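Owing to the predicted nature of the structure, the values given are computational and were not obtained by experimental measurement. Worth knowing before you read on, the calculation uses all heavy atoms, side chains too, and leaves out hydrogens, waters and symmetry mates.
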Amino acid sequence: MPALQGFQQLFSDKDERIDVARACLMIAQDAYPGLEVERYMGQIESLALRLRTQLKNVGGAEERVIALNQFLYEELGYWGNTEDYYDPRNSYLNEVLDRKTGVPITMAILYMALGRRIGLPLEGVSFPGHFLVRLRVRGGVLILDPFVGGAPQSEAELRSRLQRVIPEGADVSVAELPLEQFLEPASNRQILARVLRNLKGIYRDTDRPERLLDVLNRMLVVSPDANGELRERGFVYQRLECWRAAQQDLAAYLEREPQAGDRDEVREALVELTARSARLN
């Protein structure tokens, strides 16, 4: 699997040196086997070059944010896809570039890629329910929403977002929650894991085990210690009749989680897989 090997190489470096846009394009190679990563990376560079030519007389960070928003949303016509939010194309960066639309996290990845190329050290924020972007400025931290034109988010708007994801009846006062804990910058691995979780949910809900397997393979590169994903991949392998691979994953899962609440279910599956694997010899 050359594409997966190349993906693994990205993660041999320190987190801050992982190229998130490149990694996203490599994730898309599972769904688009002929995808040319360098062509799309070149497209991002070309967009950044166009934007830089418009910034000759723009100095401050806030002014650059305004210029980025005007360029990406008004001039180029990008928009957050509210019409077909769960279309998997929204989670693939090549499709975001081609169709000029995506979900919050992929719009944020493109936004950060362009912003950093014009001198804005933008950071991703894994805010509950809706990915955002932050920028340190002289007066503090500016929180931006690339899904809605890069609009700055007030404290009231952020607390309103939190309210939407708190379960009904929970004994929690949003007004008393320390907002800062939800606005910490996400690592590059965390950003990519969230992209993959979106795709996992889509392919699980639409019952596409082959695509789900591709996503789980990537997830275990990004987060090698994700035991839940290892277990899930084992059961996907079982469903796809890849008996030995399923046996290997589920055995490894039990070795890592000997007291797992689902250990009896996994052991039962392993008995069946061992028998099936023996028939292959």
Item to check | Sequence neighbours excluded, every pair satisfying ring pair (Phe, Tyr, Trp, His ring centres under 6.0 Å) that has a member inside residues 197-217 | outcome: none

Checklist entry - Should Arg138 and Glu62 count as side-chain neighbours, where that means a heavy-atom distance under 4.5 Å? => result yes

Checklist entry - Is there a donor-acceptor contact under 3.5 Å from the side chain of Gln153 to the main chain of Ala151? => result yes

Item to check | Distance, nearest 0.5 Å, that separates CG of Leu72 from CH2 of Trp79 | outcome: 13.5 Å

Next on the checklist: Taking the side chain as everything from C-beta on, heavy atoms only, tell me whether Leu199 gets closer than 4.5 Å to Ile27.
Outcome noted: yes

Checklist entry - If Ile, Leu, Val, Met, Phe, Trp and Tyr residues are connected whenever their side-chain heavy atoms lie under 4.5 Å apart, and connections chain through other members, are Ile66 and Leu76 in the same group? => result no

Item to check | Working for side-chain contact (heavy atoms from CB on, under 4.5 Å), residues Met41 and Asp19 | outcome: CA-CA 10 Å; Met41 289 302 296; Asp19 189 326; 3.6 Å; yes

Next on the checklist: Whether the Arg244 and Ser277 side chains hold a donor-acceptor pair (N or O, under 3.5 Å, no angle test) is what I'd like checked.
Outcome noted: no

Checklist outcome for this item: Rounded to the nearest 0.5 Å, the CG atom of Leu122 sits from the CG atom of Leu144 at a distance of 7.0 Å

Checklist entry - Around Glu16, counting heavy atoms of other residues, nucleotides and ligands shown, do more than 12 lie under 6.0 Å from its CD? => result yes

Checklist outcome for this item: Ser91 and Val195 have their tightest heavy-atom pair at O-CG1, 3.9 Å

Checklist entry - Is any side-chain heavy atom of Leu240 closer than 4.5 Å to a side-chain heavy atom of Val236? => result yes

Checklist outcome for this item: Tightest non-hydrogen contact, residues Leu183 and Ile143, listed as CD2-CD1, 4.1 Å

Item to check | Thr274: partners by side-chain hydrogen bond (donor to acceptor under 3.5 Å, both in side chains), with sequence neighbours left out | outcome: Gln247

Next on the checklist: Let's go through Asn81 and Asp84 carefully: what are the C-alpha distance in whole Å and the side-chain angles of both, what is the deciding distance for side-chain contact (heavy atoms from CB on, under 4.5 Å) to 0.1 Å, and is it a yes or a no?
Outcome noted: CA-CA 6 Å; Asn81 194 336; Asp84 197 1; 4.1 Å; yes

Checklist entry - Once you round to the nearest 0.5 Å, how far does OG of Ser223 lie from CG of Leu230? => result 12.5 Å

Checklist outcome for this item: residues 31-55 vs ring pair (Phe, Tyr, Trp, His ring centres under 6.0 Å), sequence neighbours excluded, gives Tyr32-Tyr92

Next on the checklist: Around atom CD of Gln181, are there more than 12 heavy atoms from other residues, nucleotides or ligands closer than 6.0 Å?
Outcome noted: yes

Item to check | Selection residues 223-238 - residue pairs positive for salt bridge (Lys or Arg N to Asp or Glu O under 4.0 Å), sequence neighbours left out | outcome: Lys200-Glu229, Lys200-Glu232, Arg204-Glu232, Arg231-Asp262, Arg231-Glu265, Arg233-Asp249

Checklist entry - Taking the side chain as C-beta and beyond, is there a heavy-atom pair between Arg136 and Glu123 under 4.5 Å? => result yes

Checklist entry - For Val96, does its backbone N or O pair with a side-chain atom of Arg89 as donor and acceptor, under 3.5 Å? => result no

Checklist entry - Which residue pairs satisfy the ring pair (Phe, Tyr, Trp, His ring centres under 6.0 Å) criterion with at least one member in residues 114-140, sequence neighbours excluded? => result His130-Phe147

Item to check | Nearest atoms (heavy-atom pairs only) where Gly129 meets Val165 | outcome: CA-CG1, 4.0 Å

Checklist entry - Counting N and O atoms only, with roles assigned by atom type, does the side chain of Ser46 sit under 3.5 Å from a partner on the main chain of Gly42, one being a donor and the other an acceptor? => result no

Item to check | Residues, nucleotides or ligands: over 12 heavy atoms within 6.0 Å of Glu257 CD | outcome: yes

Checklist entry - Take atom OH in Tyr85; do more than 12 heavy atoms of anything else shown fall under 6.0 Å from it? => result yes

Donor-acceptor pairs under 3.5 Å, side chain of residues 186-193 to any protein atom, not counting sequence neighbours: which ones?
| from | atom 1 | to | atom 2 | distance (Å) |
| --- | --- | --- | --- | --- |
| Ser187 | OG | Gln190 | N | 3.1 |
| Ser187 | OG | Gln190 | OE1 | 3.4 |
| Asn188 | ND2 | Asp15 | O | 2.6 |
| Asn188 | ND2 | Ile18 | O | 3.3 |
| Arg189 | NH1 | Val222 | O | 2.5 |
| Arg189 | NH2 | Phe11 | O | 3.2 |
| Gln190 | OE1 | Ser187 | N | 2.7 |

Item to check | Interatomic distance, Leu213 atom CG to Arg239 atom CZ [nearest 0.5 angstrom] | outcome: 12.0 Å

Next on the checklist: Evaluate Leu47 against Leu51 for side-chain contact (heavy atoms from CB on, under 4.5 Å), listing each step before the verdict.
Outcome noted: CA-CA 6 Å; Leu47 291 174; Leu51 179 53; over 6 Å; no

Item to check | salt bridge (Lys or Arg N to Asp or Glu O under 4.0 Å) contacts in which one or both residues fall within residues 100-115, not counting sequence neighbours | outcome: none

Next on the checklist: Using the side-chain contact (heavy atoms from CB on, under 4.5 Å) criterion, which residues pair with Gln163? Sequence neighbours excluded.
Outcome noted: Val174

Next on the checklist: If you define the side chain from C-beta out and look only at heavy atoms, does anything of Val133 sit under 4.5 Å from Val125?
Outcome noted: no

Item to check | Interatomic distance, Arg116 atom CZ to Leu68 atom CG [nearest 0.5 angstrom] | outcome: 12.5 Å

Item to check | Partners meeting side-chain contact (heavy atoms from CB on, under 4.5 Å) with Arg164 (sequence neighbours left out) | outcome: Ser160, Arg161

Checklist outcome for this item: Closest non-hydrogen atoms of Ala113 and Ile44, given as atom of the first, atom of the second and distance, are CB-CG2, 4.2 Å

Checklist entry - Can you check side-chain contact (heavy atoms from CB on, under 4.5 Å) on Leu179 and Arg159, steps first, answer last? => result CA-CA 8 Å; Leu179 200 56; Arg159 291 195 182 278; 3.8 Å; yes

Checklist entry - Does Leu142 reach the side chain of Arg134, with side-chain heavy atoms less than 4.5 Å apart? => result no

Checklist entry - Is there a side-chain contact between Phe182 and Ser126 (heavy atoms, below 4.5 Å)? => result no

Checklist entry - Who pairs with Glu38 by side-chain hydrogen bond (donor to acceptor under 3.5 Å, both in side chains), at least two apart in sequence or on another chain? => result Arg22

Which pairs would a plain distance check flag for residues 104-112, meaning a side-chain donor or acceptor within less than 3.5 Å of a matching protein atom at least two apart in sequence or in another chain?
| from | atom 1 | to | atom 2 | distance (Å) |
| --- | --- | --- | --- | --- |
| Thr106 | OG1 | Asn90 | O | 2.7 |
| Thr106 | OG1 | Val103 | N | 3.2 |
| Thr106 | OG1 | Val103 | O | 3.3 |
| Tyr111 | OH | Asn69 | OD1 | 2.7 |

Item to check | Ile118 to Ala48 - nearest heavy-atom pair and separation | outcome: CG2-O, 4.3 Å

Checklist outcome for this item: Quick note, salt bridge (Lys or Arg N to Asp or Glu O under 4.0 Å) partners involving residues 39-54, not counting sequence neighbours, are Glu45-Arg117, Arg50-Glu75

Checklist outcome for this item: Checking Arg211, Arg218, Arg208 against Asp30 for salt bridge (Lys or Arg N to Asp or Glu O under 4.0 Å), the one that qualifies is Arg218

Checklist outcome for this item: Here the pair of heavy atoms bringing Asn227 nearest to Tyr253 is O-CD1, 3.4 Å

Checklist entry - Any chance the side chains of Glu157 and Ser154 put a donor and an acceptor closer than 3.5 Å? => result yes

Item to check | From Leu114 atom CG to Tyr78 atom OH, the distance as rounded to the nearest 0.5 Å | outcome: 8.0 Å

Checklist entry - Is any side-chain heavy atom of Leu135 closer than 4.5 Å to a side-chain heavy atom of Val141? => result no

